[in-house]
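All figures in this text were calculated on a predicted structure; none of them were measured in a lab. Both backbone and side-chain heavy atoms feed into the values below; hydrogens, waters and symmetry mates do not.
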Amino acid sequence: MLVAQTGEISVGGRKCVVVEGRHVTVFNVGHSFLCLDSLCHHMGGPIGAEGDIEMIGESFILKCPWHQYEVEMSSGKGLTRNMFGASLSEDVKQRTHHTRIDEQGNVWVAL
């Protein structure tokens, strides 16, 4: 589904949209467009609209504002660990979606 033009989402920006009834957020990070579910997999927090984006190493990380859950944006992998180092989101991922940019600069998302 067509969700935006590349110029609509500045570097570091985001756009929340509904695709086939699913609330997703499209991000422009490092001149790449990534798409994740808008609500955090942990407890439904507004990770898409309000989550902070950080770069750790070569990965972009999205942090939920409610409980500080961290998600690696390209894979959806949860990175948050408890005080003993055990993963708090083992085998649970934030759902990611395929994005494509066409020759006209249209941003497409497929669920």
Side-chain angles (χ1 to χ4, degrees):
M1 175 178 187
L2 175 63
V3 296
Q5 292 281 316
T6 54
E8 289 178 51
I9 309 171
S10 61
V11 175
R14 65 190 82 194
K15 182 177 181 180
C16 298
V17 296
V18 177
V19 176
E20 298 176 21
R22 189 172 200 95
H23 293 264
V24 299
T25 304
V26 180
F27 298 88
N28 181 348
V29 291
H31 298 287
S32 294
F33 288 83
L34 303 174
C35 183
L36 293 90
D37 277 0
S38 291
L39 300 178
C40 182
H41 71 276
H42 172 235
M43 291 191 68
I47 195 168
E50 299 176 22
D52 289 332
I53 300 170
E54 300 176 22
M55 186 157 195
I56 299 177
E58 295 186 19
S59 298
F60 287 98
I61 308 302
L62 185 62
K63 185 183 288 188
C64 183
W66 282 10
H67 300 104
Q68 310 309 304
Y69 265 55
E70 295 179 331
V71 173
E72 199 282 319
M73 293 179 72
S74 64
S75 68
K77 179 181 176 187
L79 302 175
T80 304
R81 301 195 173 278
N82 67 17
M83 61 190 264
F84 304 108
S87 174
L88 294 176
S89 55
E90 195 71 35
D91 299 323
V92 179
K93 291 185 177 183
Q94 185 74 15
R95 188 167 176 187
T96 60
H97 307 284
H98 178 73
T99 58
R100 178 177 64 85
I101 311 301
D102 67 20
E103 310 81 45
Q104 291 79 35
N106 296 312
V107 181
W108 297 85
V109 170
L111 298 184

Nearest 0.5 Å, please: how far is [atom2] in [Y] from [atom1] in [X]?
X	Y	atom1	atom2	result
Arg22	His97	CZ	NE2	5.0 Å
Glu50	Cys16	CD	SG	9.0 Å
Ile47	Lys63	CD1	NZ	10.5 Å
Glu58	Ser74	CD	OG	11.0 Å
Phe60	Ile53	CZ	CD1	8.0 Å

List, one per line, each side-chain donor-acceptor pair under 3.5 Å for residues 102-111, sequence neighbours excluded.
{"from": "Asp102", "atom 1": "OD1", "to": "Gln104", "atom 2": "N", "distance (Å)": "3.0"}
{"from": "Asp102", "atom 1": "OD1", "to": "Gly105", "atom 2": "N", "distance (Å)": "3.2"}
{"from": "Asp102", "atom 1": "OD1", "to": "Asn106", "atom 2": "N", "distance (Å)": "2.9"}
{"from": "Asp102", "atom 1": "OD1", "to": "Asn106", "atom 2": "ND2", "distance (Å)": "3.3"}
{"from": "Asp102", "atom 1": "OD2", "to": "Asn106", "atom 2": "ND2", "distance (Å)": "3.0"}
{"from": "Asp102", "atom 1": "OD2", "to": "Trp108", "atom 2": "NE1", "distance (Å)": "2.9"}
{"from": "Asn106", "atom 1": "OD1", "to": "Gln5", "atom 2": "NE2", "distance (Å)": "2.0"}

Hey, are the side chains of [X] and [Y] touching, using non-hydrogen atoms and a 4.5 Å cut-off?
X	Y	result
Ser32	Phe27	no
Tyr69	His41	yes
Glu20	Met1	no
Val71	Lys93	no
Thr25	Leu36	no

Is [Y] reachable from [X] through a run of hydrophobic residues whose side-chain heavy atoms are each under 4.5 Å from the next?
X	Y	answer
Ile101	Leu2	no
Phe33	Val17	yes
Val26	Val19	yes
Val18	Val24	no

Quiz prompt | Polar side-chain atom of Lys15 near backbone of Val3 as donor-acceptor pair, under 3.5 Å | solution = yes
Practice problem: Could you tell me whether the side chain of Ser59 and the main chain of Glu72 form a donor-acceptor pair under 3.5 Å? | Solution: no
Quiz item: If you take all heavy atoms of Cys35 and Thr99, which pair is closest and at what distance?
Solution: CB-CG2, 3.5 Å
Quiz prompt | Atom of Gly48, atom of Arg14 and distance for their closest heavy-atom approach | solution = O-NH1, 2.8 Å
Exercise. Answer yes if the side chains of Gln94 and Thr96 hold a donor-acceptor pair under 3.5 Å, and no otherwise.
Key: no
Practice problem: Dump the intermediate steps for side-chain contact (heavy atoms from CB on, under 4.5 Å) on Met73 and Val29, then the final yes or no. | Solution: CA-CA 9 Å; Met73 293 179 72; Val29 291; 4.1 Å; yes
Quiz item: Who pairs with His67 by ring-ring contact (aromatic ring centres under 6.0 Å, His included), at least two apart in sequence or on another chain?
Solution: His42
